[in-house]
K.L.:
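The structure under discussion is supplied below as structure tokens; questions concerning it will follow.
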Amino acid sequence: GCNPLAETGRSKLQNQRAVLNQQILRAVRMRAGAENLLRATTNNKVREQVLLELSFVNSDLQILKEELEGLNISVEVYQNTEETFSIPLVPLGLKETKEVDFTLPLKDFILEHYSEDSSEYEDEIADLMDLRQACRTPSRDEAGIEMLISYFLQLGYVENRFFPPTRHMGVLFTWYDSFTGVPVCQQNLLLEKASILFNIGALYTQIGTRCNRQTQAGLENAVDAFQRAAGVLSYLKETFTHTPSYDMSPAMLNVLVKMMLAQAQECVFEQIGLPGIRNEFFTLVKMTQEVAKVGEVYMLVNTAMNQEPVKENIPYSWSKLAQIKSDHYKALAHYFIATILCDHELQSGDDEDQQEKALSQLFDYMPEGLMVLTVLKDKVQRKQLGNCQFLDKLKTTLYLLSVWDNQQFVIFSGKAHLRKAIVYHEEALRVCGLCKKLRNIDVLQEVLTAAHKRSLLKYAQQETEDDFLSLIQAPDILPKTEHRIETIVPQFSKVKVKDFFHRLGPLTVFSAKQRWTAPRTIRIHHEAGELGFSLKGGSPVQIYCLDPVCSAASMGLKEGDYIVSVGDMDCKWLGVNEVLEKFKSMGEQPIEIEVISCQDTAASMHSKSATYSVGMQKTYSLICLAMEDDKIDQTKKAPLKLPFLSWGTKNRQKAASTLCLPSAVAGTSQIKKKLLPFTLLNTESSLY
């Protein structure tokens, strides 16, 4: 990973994010305490003081959230260092986490479950912790992606070896929400895996924004990075369906995937126009449909960002930037079609059929009686179509058809398209000026202003006339692209990793799901060259066809036992032939082997679920599974409610975390499980 103390722009932002997360954590604790007191007290004076305190705390939380939003829109830091005249792209910030100490839990589990000397695995545990620490500050390149994927794959090995489904390991993972800053604490390794996946997608977005958008190679890399980011986030949404933080909720991930694909589509348009946009008929037709596609996808992103429950947590400036881009690229589409209508006239050597077909495909319909070919041949008609009267006047110097549609005339006119382009440009500038965060981005203001001035200049160049239908709108343009943008499914198998705890044995046998007896030493004596049993299986080998009257059976050897060592040699990874060769090499001497026997596996844990509360501003509500130590009295109708946030060590022993998904500890059948919903004052919630 990168040096966490390096004073780079990106590291400064991440450090500010970590500080804000701690401040939000303190504010959430204060609010939780105040709400608990409000529920407990009946004194009116105390209630008034608590309500006043709550108003102050909620105000502080709102201010902190706005500061966090400012970090999320600090897009200039992530852009390429080369000076460029392009609208900035939006990256995702990395989720912050606290340090985790695996040492004691893993060493205890190795001694208890695998019956091995845990001190021999200190280096492996240290390697795991070093890798996790490095993943907090990954480099913004393929090496950083590979490191995060390596840790994600390593977590798969760790989960299978050390996290049994019947109990918790006592390892608490804490991750902060990327948008709200609210911490999520769990003893569930799935939270760690999901958060690493989110950071892989976030790092891809940062790589995409860093690419040089002034070169073809840079734009190709940017498109690829955003497609891969969308693929990782989509994989996260489909694989981890009960994530307990807003930034990884299905609705939020769906919006993020759309935003990444929209940015990829934007880079495709820039890639097409990078060599320069020639004022040529077919080139302008292609650019019109491509840029209309960009405007359409950003319109869909903006619509998705303004839907519940995403609207409350998505940065406001992101939503406004999507709206600005949608208006900006729609304006460019109308500018291009206006250039076609105003500057191009069909010549004798041109292909009439091809031009007629290309122009007709720009609109979803053509008004009845309007012939594209006639419009192409007459430059005056293309510029002046706006003086609509009756059909007998269409045979004179003007040729125009107007159709009544929703009490408006739809006019096929170059000037109408320019007017619509100017309207879109002005709306984009207006929205940009109203958003405090966006109007401080200089390059965004420069791009929007330049495009607006270009459309105004083009409009002014047209001949002045008595346009009594100047308010009539131009028809919408059909979006179309030759470059289909799709998510790229992550291929984790391309990153090769070695299990840190390889020495424990094959994972198919030596896992946390299977329980084993402690190794037993069996001394085998040769009886007329026979061992009294056969071997089968791969690694480790298994005792097969054991003779019940042989000396090995009398020493305690059982059918189905696994051989883990022969003499002083560990043979967990040896096959049948290799173990037999080891037996032969010992000659007539007695053979000492260590074997283990499989025990019954305990029942799996309860399924997990989570609820998100719409009414809980800037945080969420979760359903926790509480395990009671004693039988609940059958006559008791309602259980006592615990506080939503439990920060003391006493409650930490019962709950997986202060803000966590439900957890359960394996117990006897007499223990009853009860669902206790913990919510804030507003009880309106939605489950998804």
K.L.:
With a 4.5 Å heavy-atom cut-off, do Val495 and Val497 have their side chains touching?
P.N.:
yes
K.L.:
For the side chain of His113 and the backbone of Gln514, is there at least one donor-acceptor N/O pair under 3.5 Å apart?
P.N.:
yes
K.L.:
Could you measure the distance from the CG atom of Asp127 to the CZ atom of Arg132? Nearest 0.5 Å is fine.
P.N.:
15.5 Å
K.L.:
Could you give the distance from CG (Asn313) to CE (Met252), rounded to the nearest 0.5 Å?
P.N.:
5.0 Å
K.L.:
Under 4.5 Å between any side-chain heavy atoms of Glu124 and Arg503, yes or no?
P.N.:
yes
K.L.:
For Glu192 and Tyr151, test the side chains for any donor-to-acceptor distance below 3.5 angstrom and give the result as yes or no.
P.N.:
yes
K.L.:
Would you mind reporting whether Ile207 and Arg228 have side-chain heavy atoms less than 4.5 Å apart?
P.N.:
no
K.L.:
Below 4.5 Å, heavy atoms only, C-beta onward: do Leu448 and His328 meet side chain to side chain?
P.N.:
yes
K.L.:
Between Gln187 and Gly170 (side chain of the first, backbone of the second, donor and acceptor by atom type, cut-off under 3.5 Å), is there such a pair?
P.N.:
yes
K.L.:
Does Ser234 use its side chain to pair, donor to acceptor, with the backbone of Ala230 at less than 3.5 Å?
P.N.:
no
K.L.:
As a quick check of understanding, evaluate salt bridge (Lys or Arg N to Asp or Glu O under 4.0 Å) for Arg161 and Asp499, giving each step before the final call.
P.N.:
CA-CA 10 Å; Arg161 289 198 184 278; Asp499 182 9; 2.6 Å; yes
K.L.:
If I compare all heavy atoms of Ala229 with all of Met260, which pair ends up nearest, and what's the gap?
P.N.:
CB-CG, 4.3 Å
K.L.:
Could you tell me if Lys193 sits above the aromatic ring of Phe152, with its cationic atom closer than 6.0 Å to the ring centre and no more than 45 degrees from the axis?
P.N.:
yes
K.L.:
Can you tell if the side chain of Ile314 reaches within under 4.5 Å of the side chain of Tyr246, non-hydrogen atoms only?
P.N.:
no
K.L.:
Would you check, one step at a time, whether the test side chain to side chain contact (heavy atoms under 4.5 Å, CB included) holds for Phe492 with Leu197?
P.N.:
CA-CA 11 Å; Phe492 300 124; Leu197 273 179; 3.6 Å; yes
K.L.:
Nearest 0.5 Å, what's the OG-OH distance between Ser539 and Tyr562?
P.N.:
10.5 Å
K.L.:
Does Lys98 form a side chain to side chain contact (heavy atoms under 4.5 Å, CB included) with Tyr176? I'd like the steps, not just the answer.
P.N.:
CA-CA 9 Å; Lys98 289 184 177 180; Tyr176 293 90; 3.1 Å; yes
K.L.:
Does Thr205 use its side chain to pair, donor to acceptor, with the backbone of Ala202 at less than 3.5 Å?
P.N.:
yes
K.L.:
Do side-chain atoms of Gln323 reach the backbone of Val431 as a donor and acceptor pair under 3.5 angstrom?
P.N.:
no
K.L.:
Strictly distance-based, threshold 3.5 Å: is any side-chain N or O of Thr209 a donor or acceptor partner for the main-chain N or O of Gln206?
P.N.:
yes
K.L.:
Take His168 and Phe163 through the test side chain to side chain contact (heavy atoms under 4.5 Å, CB included) and record every step on the way to the result.
P.N.:
CA-CA 7 Å; His168 287 296; Phe163 285 79; over 6 Å; no
K.L.:
Any side-chain heavy atom of Lys572 within less than 4.5 Å of one from Pro506?
P.N.:
yes
K.L.:
Minimum heavy-atom separation for Phe198 and Asp247, please, with both atom names.
P.N.:
CE1-O, 3.5 Å
K.L.:
Quick one: which of Val184, Thr174, Ile196 gives a side chain to side chain contact (heavy atoms under 4.5 Å, CB included) with Leu191?
P.N.:
Val184
K.L.:
What do the steps show when you test Ser86 against Gln214 for side chain to side chain contact (heavy atoms under 4.5 Å, CB included), and what is the final call?
P.N.:
CA-CA 9 Å; Ser86 302; Gln214 300 302 308; 3.9 Å; yes
K.L.:
Nearest 0.5 Å, please: how far is CZ in Phe173 from OG1 in Thr97?
P.N.:
9.0 Å
K.L.:
Flag yes if more than 12 heavy atoms outside Lys480 fall under 6.0 Å of its NZ atom; otherwise flag no.
P.N.:
no
K.L.:
Among Tyr157, Phe510, Phe162, whose ring pair (Phe, Tyr, Trp, His ring centres under 6.0 Å) with Phe501 holds?
P.N.:
Phe162
K.L.:
Quick one: do Tyr298 and Glu266 satisfy side chain to side chain donor-acceptor pair (under 3.5 Å)? Show the steps, please.
P.N.:
CA-CA 9 Å; Tyr298 271 115; Glu266 182 180 4; 2.5 Å; yes
K.L.:
So which heavy atom on Ser319 is nearest to which on Met305, and how close?
P.N.:
CA-SD, 3.5 Å
K.L.:
Under a 3.5 Å distance rule, please check whether Asn221 uses its side chain to pair with a backbone N or O of Cys211 as donor and acceptor.
P.N.:
no
K.L.:
When rounded to the nearest 0.5 angstrom, what is the spacing between CG in Leu190 and OG in Ser195?
P.N.:
10.5 Å
K.L.:
Go through Glu486 and Gln227 one step at a time and tell me if the side chain to side chain donor-acceptor pair (under 3.5 Å) criterion holds.
P.N.:
CA-CA 6 Å; Glu486 295 179 334; Gln227 286 180 289; over 6 Å; no
K.L.:
A side-chain contact here means heavy atoms from C-beta on lying under 4.5 Å apart; do Leu106 and Met169 qualify?
P.N.:
yes
K.L.:
Counting distance only, does the side-chain N/O of Asn199 pair as donor-acceptor with the main-chain N or O of Lys95 below 3.5 Å?
P.N.:
yes
K.L.:
Measure the spacing between CG of Asn212 and CG of Leu219 and express it to the nearest 0.5 Å.
P.N.:
8.0 Å
K.L.:
So, for Ile477 and Ala292, which heavy atoms are closest and what is the spacing to 0.1 Å?
P.N.:
CG2-CB, 4.3 Å
K.L.:
Check this for me: does any side-chain nitrogen of one of Lys293 and Glu296 sit under 4.0 Å from a carboxylate oxygen of the other?
P.N.:
yes
K.L.:
Looking only at atom types and distance, does a side-chain atom of Gln265 sit under 3.5 Å from a main-chain N or O of Val297, one as donor and one as acceptor?
P.N.:
no
K.L.:
Is the shortest heavy-atom distance from the side chain of Phe269 to the side chain of Tyr329 under 4.5 Å?
P.N.:
yes
K.L.:
Which atom pair, heavy atoms only, marks the closest approach of Met259 to Val90?
P.N.:
CE-CG1, 4.2 Å
K.L.:
Of the non-hydrogen atoms in Ala251 and Pro309, which two are nearest, and what is the gap between them?
P.N.:
CB-CD, 4.1 Å
K.L.:
Does any N or O in the side chain of Thr215 come within less than 3.5 Å of the main-chain N or O of Gly218, such that one atom is a donor and the other an acceptor?
P.N.:
yes
